[in-house]
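Note that the coordinates shown come from a computational prediction; the quantities given were computed from them, not determined experimentally.
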Amino acid sequence: MKKEMPDHLPENIQALLMKQSSTSLLAEEQQQLDDWYESLAFMPAGNLLDGGERETVEQEMIWAEVRARMSVTASVKVVKMFRWWKKVAAAVVIAAIAGGTWYTIGLLNRPYKLQLATSTGNVRQLTLPDGSRVWLNASSRLQYNNWQPGKSREVMLDGEAFFDVAQRAGEPFIIHTTAMDINVLGTSLNVKAYASDATAEATLVTGKVAIVLKNEKNRTVQLAPSQKLVTLSSPEHREVEKIKSVKQHNITDTANYSIAPARMFTADSSYAEVAWKEHRLAFFDQPFETIAQQLQRWYGVNVVFNNEAIKTIRFTGTFRDESLSRVIMALQLSAPFNYHISNDTLMIDK
């Protein structure tokens, strides 16, 4: 699909942006684009928008926040999108280019005005307005605000993220997910809460947290460092998924959650739950069906099992910068199964 460019961008910049989206720029071309990016940093947002006063104020806020707070591993260039913002579900979107991969920060309806979303196979790091650092795993979405002093700091997560929370007295940090609300103070933890998953989990690395379980009549439980909580994501999953989860997570008939030690690899004393943060694909004694969800988000494939028994085979492993084929072949060394990759589909058979 041909990308539509704003009609009032300089023609040479339009050409460079289009070229950059599909190939590498020459050194002099990159410098020309860099100079244009730098010029945007000193250009009033109101001169670039075609909306009203309120839109201008909000865009100035977001633009300043992006420049001051966003941090990613690769070199980041932020492009301000102009009239074509109107065509993205009435949201104003700022697109950032990081190593050729696009992700978005959008203007949302209240209570959350800012959003960061990652695509398949991408991990991104950012710094929130309070100084807290967040690593966002693939296919995840984090919503948040520019918080006011003395108020609680609240975010909404759909997906997986590692939080290194800045300690602020009287300003609790609260992570909302579909299944739980996590209250933290000066804590580092991993939260996995994909809306499509049957379970959600929180792994505490340092500090302490109090977790309110929404599907347990708002029961509050506390975690100690190196502990992981697993809970069923929603009431719809209770009857179907509890049967699968009883053995895997020790979820009982009287409670839809469990607390157990986090999984640690003895080779380097790292936690399997947070390995993705270091760009490692890792799993510890997990069934193939659960691993398949990681493969889908990591490699952007659809995994299809043609044999139900294969779903229950359990694997432990860690991979860095390996292709999908090499990962699957490594798993075959532990258990006999066949596979076939066609386009974006991975077929698993006996």
Side-chain angles (χ1 to χ4, degrees), residues 62 70 72 88-96 101-129 132-147 152-165 173-184 187-204 209 211-216 218 228-238 241 245 256-257 273-274 276-277 290 292-300 302-303:
I62 296 175
M70 177 167 287
V72 297
V88 189
V92 181
V93 175
I94 297 174
T101 301
W102 291 74
Y103 59 97
T104 61
I105 291 181
L107 180 63
L108 308 172
N109 292 326
R110 293 186 178 184
Y112 301 101
K113 286 192 172 184
L114 301 176
Q115 171 175 290
L116 177 69
T118 53
S119 57
T120 300
N122 288 293
V123 174
R124 291 289 178 260
Q125 179 188 347
L126 73 153
T127 302
L128 296 178
S132 297
R133 293 186 298 165
V134 179
W135 287 258
L136 199 61
N137 204 354
S139 303
S140 300
R141 184 175 70 243
L142 183 71
Q143 300 175 7
Y144 60 100
N145 287 318
N146 283 306
W147 303 293
S152 62
R153 299 165 289 165
E154 302 188 36
V155 301
M156 173 67 75
L157 175 66
D158 177 6
E160 184 168 16
F162 182 88
F163 296 86
D164 187 0
V165 178
F173 192 98
I174 305 173
I175 305 166
H176 298 286
T177 74
T178 301
M180 52 190 174
D181 295 328
I182 304 172
N183 297 270
V184 305
T187 296
S188 61
L189 75 160
N190 192 76
V191 180
K192 185 178 181 182
Y194 288 98
S196 58
D197 285 1
T199 58
E201 55 188 64
T203 303
L204 184 61
V209 295
I211 302 176
V212 178
L213 300 174
K214 298 179 181 179
N215 299 320
E216 283 291 302
N218 291 329
K228 178 173 75 172
L229 176 143
V230 179
T231 183
L232 298 183
S233 292
S234 63
E236 301 87 70
H237 289 124
R238 290 190 177 188
E241 295 298 333
S245 300
N256 294 293
Y257 72 94
E273 288 82 1
V274 299
W276 64 267
K277 178 172 162 282
T290 300
Q293 295 174 328
Q294 291 179 262
L295 297 178
Q296 289 176 163
R297 292 166 185 144
W298 204 264
Y299 295 103
N302 180 37
V303 181

- Task: Ignoring hydrogens and angles, state whether a donor on the side chain of Asn137 or Ser140 is under 3.5 Å from an acceptor on the partner side chain.
- Result: no

- Item | Any side-chain donor near an acceptor of the partner, Glu160 and Asn190, under 3.5 Å | yes

Shortest non-hydrogen contact between [X] and [Y], atoms and distance:
{"X": "Ser196", "Y": "Arg297", "value": "OG-NH2, 3.4 Å"}
{"X": "Pro129", "Y": "Trp147", "value": "CD-CZ3, 3.8 Å"}
{"X": "Ile174", "Y": "Ser152", "value": "CD1-CB, 4.4 Å"}
{"X": "Asn302", "Y": "Gln296", "value": "OD1-OE1, 3.7 Å"}

- Ile182 and Phe173: CA distance, side-chain angles, deciding distance, side chain to side chain contact (heavy atoms under 4.5 Å, CB included) verdict: CA-CA 8 Å; Ile182 304 172; Phe173 192 98; over 6 Å; no

[X] side chain to [Y] backbone, donor-acceptor under 3.5 Å:
{"X": "Thr177", "Y": "Ala179", "result": "yes"}
{"X": "Lys214", "Y": "Ser233", "result": "no"}
{"X": "Asn122", "Y": "Thr120", "result": "yes"}

Can you tell me how far the [atom1] atom of [X] sits from the [atom2] atom of [Y], to the nearest 0.5 Å?
{"X": "Phe162", "Y": "Arg133", "atom1": "CZ", "atom2": "CZ", "result": "8.5 Å"}
{"X": "Trp298", "Y": "Ser139", "atom1": "CH2", "atom2": "OG", "result": "11.0 Å"}
{"X": "Leu116", "Y": "Leu126", "atom1": "CG", "atom2": "CG", "result": "5.5 Å"}
{"X": "Leu189", "Y": "Leu229", "atom1": "CG", "atom2": "CG", "result": "11.0 Å"}
{"X": "Leu157", "Y": "Leu136", "atom1": "CG", "atom2": "CG", "result": "7.0 Å"}
{"X": "Trp276", "Y": "Lys192", "atom1": "CH2", "atom2": "NZ", "result": "11.0 Å"}

Does the side chain of [Y] come within less than 4.5 Å of [X]'s, by heavy atoms?
{"X": "Tyr144", "Y": "Leu128", "result": "yes"}
{"X": "Ile211", "Y": "Tyr257", "result": "no"}
{"X": "Val134", "Y": "Leu142", "result": "yes"}
{"X": "Thr187", "Y": "Leu204", "result": "yes"}

- side-chain hydrogen bond (donor to acceptor under 3.5 Å, both in side chains) test vs Gln143 passes for just one of His176, Gln115, Glu154, namely Gln115

- Thinking salt bridges, do Asp164 and Lys277 make one under a 4.0 Å N-O criterion? no

- Item | Test side chain to side chain contact (heavy atoms under 4.5 Å, CB included) applied to Asp181 and Ile175, Val212, Asn218, Leu213, the passing residue | Val212

- Item | side chain to side chain contact (heavy atoms under 4.5 Å, CB included) between Thr178 and Tyr194, worked out | CA-CA 9 Å; Thr178 301; Tyr194 288 98; over 6 Å; no

- Item | Verdict with supporting geometry, Phe163 and Ser188, side chain to side chain contact (heavy atoms under 4.5 Å, CB included) | CA-CA 5 Å; Phe163 296 86; Ser188 61; over 6 Å; no

- Message: Checking Tyr299 now: which residues fulfil side-chain hydrogen bond (donor to acceptor under 3.5 Å, both in side chains) with it, not counting sequence neighbours?
- Response: none

